[in-house]
Number of protein chains: 4
Amino acid sequence: MPGRRSAPDASRRSERSRLAILTAAFELAGKVGYARLSIEGIAARAGVGKQTIYRWWPSKGAVLFDAFLLRAEAIGPHPLPDTGNLERDLKKVLRAAVIELNDPRYDEPLRALNTEILHDPELAAAYADRLEGPVRESRKARLRKAQRVGQLPENLDLDIAVELLWGPLTSRWLQRSGPLTTKYADLLVRTALDGLRGKAPAKMRA
Amino acid sequence: MPGRRSAPDASRRSERSRLAILTAAFELAGKVGYARLSIEGIAARAGVGKQTIYRWWPSKGAVLFDAFLLRAEAIGPHPLPDTGNLERDLKKVLRAAVIELNDPRYDEPLRALNTEILHDPELAAAYADRLEGPVRESRKARLRKAQRVGQLPENLDLDIAVELLWGPLTSRWLQRSGPLTTKYADLLVRTALDGLRGKAPAKMRA
Amino acid sequence: MPGRRSAPDASRRSERSRLAILTAAFELAGKVGYARLSIEGIAARAGVGKQTIYRWWPSKGAVLFDAFLLRAEAIGPHPLPDTGNLERDLKKVLRAAVIELNDPRYDEPLRALNTEILHDPELAAAYADRLEGPVRESRKARLRKAQRVGQLPENLDLDIAVELLWGPLTSRWLQRSGPLTTKYADLLVRTALDGLRGKAPAKMRA
Amino acid sequence: MPGRRSAPDASRRSERSRLAILTAAFELAGKVGYARLSIEGIAARAGVGKQTIYRWWPSKGAVLFDAFLLRAEAIGPHPLPDTGNLERDLKKVLRAAVIELNDPRYDEPLRALNTEILHDPELAAAYADRLEGPVRESRKARLRKAQRVGQLPENLDLDIAVELLWGPLTSRWLQRSGPLTTKYADLLVRTALDGLRGKAPAKMRA
DNA sequence: ACGTAAGCGAGACGGTACGTCATGTCTTATA
DNA sequence: TATAAGACATGACGTACCGTCTCGCTTACGT
């Protein structure tokens, strides 16, 4: 959880209020959108005093962050499928991501969180560390397995690899620079795996 | 420019005020950051009445958008270099992008604009059409040339290709999911060109 | 009116809002009492933004003060009766005061104003100057007439005289140190006129 | 002490805390003024939990009241001087009062207490009974002595007499309707004793 | 050339939300 | 069981901006 200003006694903290706040924040973000997401609104929906939010979180973004963290913890780790067919597995995961990002209940809160991250480096670090980190590890784990069975080169930088697969999706989603379809997901995976120069140099250079 | 509410007489519009507003918006965004960027602040810095802003732009994001448009028009088209060496040319361009994104005078206003885009589909469409569009076309043009000389396969989807190269950079910048260095730019270009599976299929599949 | 912080343009001031605020302040004070009299409440009852109050008045007390001033101006000057019989005239006026102070619609707002005066010397000065001042002048005028017709000594200090008549009433009202009855008013007038040593020195000093 | 809500076991009450609270209340009132006098502040300065205050006192005013009571009891009864010269004795006492009311260490707490009395009839009754009462009795005692030696008429209402002497002073102090000087005290005593019509009936009624 | 209608700088307005403070109630642990 | 400590729901504080409005002023057009 991002930094606190003073030092309230966490042992007396009301778990009830904490959960109500995080749930309200997530739901409100999905309901009214980022622009109308206010701390007053969260407090009201959670049936909580504003001070209880200000006591435990330094910013609206931090609340949202914890709301996502709560969901992530509730869901638990997300290993990527491994059927032995890397391309198919990756397509499956990216297609799922595309579907999720098209669902307003996830899209809106996630946009709200990303808005905050955009302007709060501390929050961004927390995000990278505690929310994106584990997901990225799962992705890298799948790619590492592919390396072990010789489907990917040993010297491939897995962080770059992950970004090459998911980065285009993320930026297209954030900037709405194009439609998010399963077809797009498929094409992305295929192109990332093969590279722009393509997998069949023999034909190309012929 | 996104839609207007009423229909003021554009022929009487004060060019002086327009430029002052757009300049003030851009500079203020770089100076105080998105959170403190207000229409009142822009009006004050531009020496302009608030109504003059509300008369001509539907939102803060639209002002920011026009501020970027003004700059883009001032600079003119940006063809990518073509030395014949695609990889080197792309690295050069991505390194330049990395450097620009590390400069707070561009970073902050661009983040501000992206924040607005994140929550305003209309603005996102305008952005895709009038700001990102021409840039993307330049990029595609360079790739198309590479196709013509056989450095890239004919059937390569150029939009995907552009996103594969710049998408990871954009998302890393927006989410601060990693450092933006020239080395990163180089590695990104190389990996995108070769694909995750690498450029030497002979060895890999051996 | 007590001092202002900045310098808003009074020529653009909304008379409608001003009256609504002053009326609401007076009525609210009478309705909910001083403890629950809030600027938010006044603004809400007046159908006005809080800032409109903060723009024109430096404090809750100043609003209340102006509310009384408005009433005082609406009512106009209050000459004391002069039937030739000083004692009877004074009794009449003090009895009226007693009755007014027993009416919650005047009692509560006046207590609220006095509370603010109690802790705000600037407001107290404004009160003494613009609200109590004219009233005191009316009282002194009546006493001066009595002096002219020989009913009161020429060298009587009229300010002291006024305070001797109304001070006990005021302090009894403010501190609730005793019941406010017309009988009390009568006795007060009589005793003040005659003095503690009484009107019949002949017997006393005998 | 004004009424309590529940019935805590007074035998277990901490005398240490009680004194700390009353001392802190009085000192804080003198230091920060009524507006900033808070129960939280008193508790903090007394090194006491808030609940300890709420347990034993129904309101901030009640605490302040007890703080004054504590001081009054520490000082003990205050008989007025009796040199045989009533006027001189009264002037001495009123001059002392004037001096006290000009001392911020007494002025501020006393204003704070009066503020609470202004809006709390129960507290006002307690004040009249236990703080002002004894003082008033001392005053009446002195006047009664004067009656016995023929300096004041037998039928003089001593309560009215006391109010005629101290009421003007009190109201001038509370409302700051004029300067509180020893000269004022003297003039007040003299005028109250002689009455507005003055001490020389011979000339007047001539 | 001159009225008139528009855009303009200015800023008051009714609102919403901010982040802080104090209220009075409650719970916990210490003694 | 009273206490010190302090979290809690509540609600007011005074401030910052929102987007709308109205005011005089200037500026250019159409008669």
Side-chain angles (χ1 to χ4, degrees), chain A residues 5-14 16-17 35-41 43-44 46-56 58-60, chain B residues 5 8-14 16-18 20 36-44 46-56 58-60, chain C residues 5-14 16-18 20 35-44 46-56 58-60, chain D residues 5 8-14 16-17 36-41 43-44 46-56 58-60:
Chain A
R5 304 200 173 170
S6 65
D9 182 348
S11 73
R12 296 229 185 293
R13 182 168 186 182
S14 161
R16 192 178 189 288
S17 295
R36 286 180 224 277
L37 180 63
S38 67
I39 291 201
E40 295 217 328
V48 137
K50 279 198 293 177
Q51 199 59 46
T52 301
I53 298 183
Y54 285 109
R55 179 153 40 230
W56 299 109
S59 69
K60 194 167 62 180
Chain B
R5 306 203 170 167
D9 180 349
S11 73
R12 288 188 178 240
R13 182 169 186 182
S14 161
R16 193 179 187 285
S17 294
R18 188 183 143 259
R36 287 180 225 279
L37 181 64
S38 66
I39 291 200
E40 297 217 329
I42 294 169
V48 138
K50 282 198 295 175
Q51 197 56 41
T52 301
I53 298 183
Y54 285 107
R55 179 154 38 231
W56 299 108
S59 69
K60 192 167 64 180
Chain C
R5 300 191 178 180
S6 63
D9 182 348
S11 73
R12 296 231 184 292
R13 183 167 187 181
S14 161
R16 194 179 188 284
S17 295
R18 188 182 142 259
R36 286 180 223 277
L37 180 63
S38 66
I39 291 201
E40 294 216 331
I42 295 169
V48 137
K50 279 199 292 177
Q51 200 57 47
T52 301
I53 299 183
Y54 286 110
R55 182 157 33 235
W56 300 110
S59 68
K60 194 166 63 181
Chain D
R5 300 188 177 181
D9 181 348
S11 71
R12 293 199 173 228
R13 182 168 187 182
S14 161
R16 192 179 188 285
S17 295
R36 287 180 224 280
L37 181 64
S38 67
I39 292 200
E40 297 217 329
V48 137
K50 280 198 297 176
Q51 196 56 41
T52 303
I53 299 182
Y54 284 109
R55 180 153 39 232
W56 300 110
S59 70
K60 193 165 64 181

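Every chain is numbered from 1, with letters handed out A, B, ... down the list of sequences. Hydrogens, waters and symmetry mates are skipped; everything else that's a heavy atom, side chains included, is used.
- Note on the helix from dA1(E)-dT31(F) to dA31(E)-dT1(F): angle between the axes of the first and last five pairs equals 10°, rounded to 10 degrees.
- Residue order along DNA chain E, read from the 5' end via each residue's closest nucleotide, puts Val48(C) first among Glu40(D) and Val48(C).
- Of the candidates dA9(F), dC8(E), dA12(E), dC8(E) carries the atom nearest the Trp56(B) side chain, counting heavy atoms from C-beta on.
- When all heavy atoms of Gly49(A) and Ala43(A) are compared, the closest pair comes out as C-CB, 4.2 Å.
- In this structure Lys60(C) satisfies the salt bridge (Lys or Arg N to Asp or Glu O under 4.0 Å) test with no other residue, sequence neighbours excluded.
- The nearest whole Å value for the distance from the CG atom in Asp9(A) to the C1' atom in dT30(E) is 14 Å.
- Out of dC8(E), dC18(E), dG19(F), the shortest distance to the side chain of Ser14(B) is found at dC8(E).
- Between Thr52(D) and dA4(F) there is a side-chain polar atom (N or O) within less than 4.0 angstrom of OP1 or OP2.
- Heavy-atom nearest nucleotides on DNA chain F were determined for Ser38(B) and for Ala46(A), and the one closer to the 5' end corresponds to Ala46(A).
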Dump the pairs, protein N or O against N or O of nucleotides 21-24 of chain F, anything under 3.5 Å, distances to one decimal.
from, atom 1, to, atom 2, distance (Å)
dC21(F), N4, Gln51(B), OE1, 2.4
dC23(F), O4', Arg12(C), NH1, 3.2
dC23(F), O3', Arg12(C), NH1, 3.4
dC23(F), O2, Arg12(C), NH2, 2.9

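- Rounded to an integer number of Å, the gap from Ile39(A) CD1 to dT20(E) P is 10 Å.
- Going from atom CD of Gln51(A) over to atom CD1 of Ile53(A) covers 10.0 Å, rounded to the nearest 0.5 Å.
- Looking at the side chain of Tyr54(D), the nearest of the listed nucleotides dG24(E), dG7(E), dC8(F) is dG24(E).
- Atom CZ of Arg13(A) is separated from atom P of dT28(E) by 17 Å (rounded to the nearest Å).
- Mapped onto DNA chain E by nearest heavy atom, Arg16(B) and Arg36(D) fall at different nucleotides, with Arg16(B) at the one closer to the 5' end.
- Across the protein-nucleic acid pair, Leu37(C) atom CG and dA12(F) atom P stand 11 Å apart, rounded to whole Å.
- The CD1-P distance, from Ile53(D) to dA22(E), rounds to 13 Å in whole Å.
- OP1 and OP2 of dA12(E) both lie 4.0 Å or more from every side-chain N or O belonging to Ser17(C).
- Within the cation-pi definition used here (under 6.0 Å to the ring centroid, within 45° of the axis), Arg18(B) does not qualify as a partner of Trp56(B).
- Here Gly41(D) lies out of heavy-atom contact (under 4.0 Å) with every strand.
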